[in-house]
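Contents: one structure, followed by commentary.
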Amino acid sequence: MANILPIKFLVISNIVLLLFFSQLSTAIDTITQFQSLDDGNTLVSSDGTFELGFFRPGSSTNRYVGIWYKNISNRRIVWVANRDNPIKDDNSNSTMLTINKEGNLVLLTNNNKTLVWSTNITTQSLSSTSSHVAQLLDNGNFVIKDNNKKFLWQGFDFPCDTLLPDMKLGWNLETGHNRRLTSWKNWDDPSSGNLTWSIVLSSNPEVILKKGSTEFHRSGPWNGIGFSGAPALSVAQNVEPKLVNNSNEVYFTYSLVSKSKLLIIYLNQTIGFRERIVWTTEENVWKIFEQVPRGDGCDIYNSCGSYGNCNPIKSPVCECLDGFKPKSSQNLDTYNWTQGCARKIQPIFKCMVGDGFTKFSGLKLPETTHTWVDAKMKLEDCKKKCLKDCSCTAYSNLDVRGDGSGCCLWFGDLIDLRHVSSINPDLYVRVNASSIVSGGHKKSHTLTIAITIPLVIVFLLVTIVFYIYKRKRKQRGIEDKSKNIILTKKKKEDEQDFELPFFNLSTMIDATNNFSNDNKLGEGGFGPVYKGILALERREIAVKRLSRSSKQGTKEFKNEVILCSKLQHRNLVKVLGCCIQGEERMLIYEYMPNRSLDSFIFDPTQKKLLDWSKRFNIICGIARGLLYLHQDSRLRIIHRDLKPSNILLDSDMNPKISDFGLAKICGDDQVEGNTNRVVGTHGYMAPEYAIDGLFSIKSDVFSFGILLLEIVSGKKNKRLTYPSSNHSLVGHAWRLWKEGISEELIDDCVGDSFILSEALRSIQVGLLCLQYHPNNRPNMASVLAMLTNEIVLSQPKEPGFIKERASTEGNSTTENLISSSINEVTISLLDVR
């Protein structure tokens, strides 16, 4: 008997230990009211996807409780409990997460004396008889359940900066609770930043991105498969999006088709973007799938004003809808569209018999603040209802998946329109009867009378007014004639003057501190450039002073002044005036605080400030500026000296093309020419221009291609960059393209910020711009379309200069030309004719 007792004790103790560890192994994803999670320990969801524990962000000494993907080495925090209440106590042993006797999950520190954070569940939701459990679920949701497994609280109701699959973004209408994303302040501080993303309630809800209280981007309303103004999520991308809109809830959510690829949406607090980030199991890395706002300039809220449509492939990007015109012609000249557009023909009455609608396709639908919807109404009935209400300005379907899929009516001005490539319901905009063109279709007799009678009345009134005017004018006689002669003469004299303001020399001396070297910004072929401040306006300026050794004469200088006065575009540097006094000749520009592009992309430290979104925005901005010069300005301009030092950057890193000293003015129908004086910078010249003096808009396109590859790679186009392969940047890019590894060209400094498909597309567009024969190069309208749209691109051929060098091996002229691209040398001869 004495021998049996120790054996029984051993068996019983083993069973107890087995039960204890079994219970412990099944409880690694939970905290009960009898347990706590101490700093240094973690919870792991049952399928091993998510982990919850304590962490320190970046270089911060504060500690937080957060959730992250467990098996991904590059840790990305997707949820933070105490984001606005950090743990500042340095003693991690005195901190724990537990469930208190009231059933709330609490974060305690200082040996359980200090409450840092609590779930704050209301007493009505708690039950003294319930045994509460906190559990980390397989979808990343951290919840508190009672013994009936009812959720009393869940972390998904309090999202931070990340929207996970199955998480809801939107409103619980019964409680009034709004689930929205709020960015971190910075990488070291997860507390609430100023960037928010949330659903705005209306009859047709949409998602709004804000910076503080300022609306920054609008998704557009739901069209049945996605938001009308945002890049679509689809099953093909392993995602199923959904919008729920009923009397209890309004929210957006998405789920993953499979777990082979993960996708999260988060707010990037450093650059002000909402990003979709993809993690692939094959590559074990996070990649940016897309960013909003996109870099085409049209995603910024209401950038073109009421009834203005933003189209990124056009220059200017803003245009009025058909039947509308800019409210201010002055704003049109300065590319300021904030006042928007108005009807070309204002109706006599608010609405008339015969009013109709103009159909617009491929648009992001307008802001839905003032809308009315009926989910069951057919499109024809929707049209009739809008016609009956004089305040109705437009209508459309709610859903692209069927003609009878609901009705949405707009009241008031149509705001924040843009061209999109995704499928959207057609928008029907109301136009008054006098704007309708029948197009050969017969109209009823009643409609004809309704339109004809008002027109006849208007015609009679105009005739009477014209008769009275003519009679009074005749009575004024000789006095009016003499006044007209004087006014006509004065007008002709004014037209001979410059269109730019003149500054006197003393003003320039005061502004630049007598052209002090401390104010000197740089020097080019034209002469030195100084920073200055106009005393009266306290405005910063850049003063370009013609060097006495420059070969540019007074006549050529005046031609450049006239040229600059006629160019107005947001991607061209603005010329404020000129100074001509004695032998002094100066141009006064707006001051660009970030100076020129070359000071960033070729500087090992400064280039780190240019992430991919900034670089792509610069590329598209330069393209829009060139498109304006080639096609949309009052004069057709060929720049002939496009290079990084001639691209200036404003305070927001927006590019502005500068230095038109070498530009060539062409006629409206002239796209090319030739010259015996080759001007520009070796390394950026097209082959036909550098060798034969043939210049055209396509030679500017060649220079743009060089510039694009330099921006992507962060390296100059010179042979010494790749001495081992004896290649220039162009040759190196072509070799990588042929080998199918073009991503190796991308500058390491952009890190993981680049969108791979966008970067590869940019490189391919750059190589297409560098084709040897000008006819094989795209024009700038095509370049901009290829950069900003998901269209199929043609395959590039071998770029210029590479072919020339291979076919003339040993030819000293060509070899010297290629070698001279090692150093940037500008020939500063003005050739403006």
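Basis for what follows: all heavy atoms, side chains included, without hydrogens, waters or symmetry-related copies. Index from 1, following the sequence.
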Any donor-acceptor N/O pair, [X] side chain to [Y] backbone, under 3.5 Å:
| X | Y | result |
| --- | --- | --- |
| Lys364 | Arg218 | yes |
| Ser713 | Leu709 | yes |
| Asn717 | Gly683 | yes |
| Arg615 | Ile711 | yes |
| Arg636 | His630 | yes |

Checklist entry - Does NZ or CZ of Arg640 fall inside the cone over Tyr689's six-membered ring, less than 6.0 Å from its centre and within 45° of the axis? => result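 Cation-pi check for Arg640 and Tyr689: fails.
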Considering all heavy atoms, the nearest [X]-[Y] contact:
| X | Y | answer |
| --- | --- | --- |
| Phe702 | Met685 | CE2-O, 3.2 Å |
| Glu743 | Leu760 | N-CD2, 3.8 Å |
| Leu587 | Cys578 | CD2-CB, 4.1 Å |
| Ser658 | Val573 | CB-CG1, 3.5 Å |
| Val317 | Cys298 | CB-SG, 4.3 Å |
| Pro778 | Val701 | O-CG1, 3.4 Å |

Next on the checklist: SG to SG below 2.5 angstrom is the rule I want applied to Cys341 and Cys320. Does it hold?
Outcome noted: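 With an SG-SG separation under 2.5 Å, Cys341 and Cys320 do form a disulfide.
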Next on the checklist: Tell me whether Cys304 and Cys310 have SG atoms closer together than 2.5 Å.
Outcome noted: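 Judged by the SG atoms alone, which are 2.5 Å or more apart, Cys310 and Cys304 are not bridged.
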Checklist entry - Under the salt bridge (charged side-chain N to carboxylate O under 4.0 Å, His left out) rule, what pairs show up with a residue in residues 760-782, not counting sequence neighbours? => result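 Salt bridge (charged side-chain N to carboxylate O under 4.0 Å, His left out) check on residues 760-782 returns Glu688-Arg777, Arg761-Glu790.
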Can you check whether [X] reaches [Y] side chain to side chain, under 4.5 Å on heavy atoms?
| X | Y | result |
| --- | --- | --- |
| Tyr301 | Phe216 | no |
| Pro655 | Asn571 | yes |
| Ile791 | Met786 | yes |
| Met508 | Gln581 | no |
| Phe602 | Lys607 | no |
| Phe754 | Ile746 | yes |
| Phe704 | Val783 | yes |
| Glu710 | Leu729 | yes |

Next on the checklist: Set out, in order, the CA-CA distance, both residues' side-chain angles and the distance that settles side chain to side chain contact (heavy atoms under 4.5 Å, CB included) for Lys314 and Glu319, then state yes or no.
Outcome noted: CA-CA 9 Å; Lys314 292 188 176 182; Glu319 60 184 0; 3.1 Å; yes
Checklist entry - Is any NZ, NE, NH1 or NH2 atom of the basic residue among Lys544 and Asp659 found under 4.0 Å from an Asp or Glu carboxylate oxygen of the other? => result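 Answer for the salt bridge query: yes.
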Next on the checklist: Go through it in stages, so that I can follow the logic: the residues are Leu521 and Tyr530, the test is side chain to side chain contact (heavy atoms under 4.5 Å, CB included), and I'd like the CA-CA distance, side-chain angles, deciding distance and then a yes or no.
Outcome noted: CA-CA 5 Å; Leu521 299 174; Tyr530 299 88; 5.9 Å; no
Checklist entry - Given the rule in the side chain to side chain donor-acceptor pair (under 3.5 Å) test, do Asn779 and Ser782 qualify, once you have shown the distances and angles that lead to the verdict? => result CA-CA 5 Å; Asn779 58 31; Ser782 299; 3.0 Å; yes
Next on the checklist: Asn617: which residues meet the side chain to side chain donor-acceptor pair (under 3.5 Å) condition with it, sequence neighbours left out?
Outcome noted: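 Asn654.
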Checklist entry - Does CG belonging to Asn514 count more than 12 external heavy atoms closer than 6.0 Å? => result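 Buried by this count: over 12 neighbours within 6.0 Å.
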Checklist entry - Lys715 and Asp747: salt bridge (charged side-chain N to carboxylate O under 4.0 Å, His left out), yes or no, with the steps? => result CA-CA 8 Å; Lys715 295 181 174 63; Asp747 194 344; 5.4 Å; no
Item to check | Step-by-step side chain to side chain donor-acceptor pair (under 3.5 Å) determination, Thr507 to Asp510 | outcome: CA-CA 5 Å; Thr507 301; Asp510 292 340; 6.0 Å; no
Item to check | Partner of Lys656 under side-chain contact (heavy atoms from CB on, under 4.5 Å), chosen from Ile622, Asp650, Leu572 | outcome: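 Looking at Ile622, Asp650, Leu572, the match for Lys656 under the side-chain contact (heavy atoms from CB on, under 4.5 Å) is Asp650.
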Checklist entry - Cut-off 3.5 Å, side chains only: do Gln764 and Trp737 have a donor facing an acceptor? => result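 No pair is found: no donor N or O on one side chain lies under 3.5 Å from an acceptor on the other.
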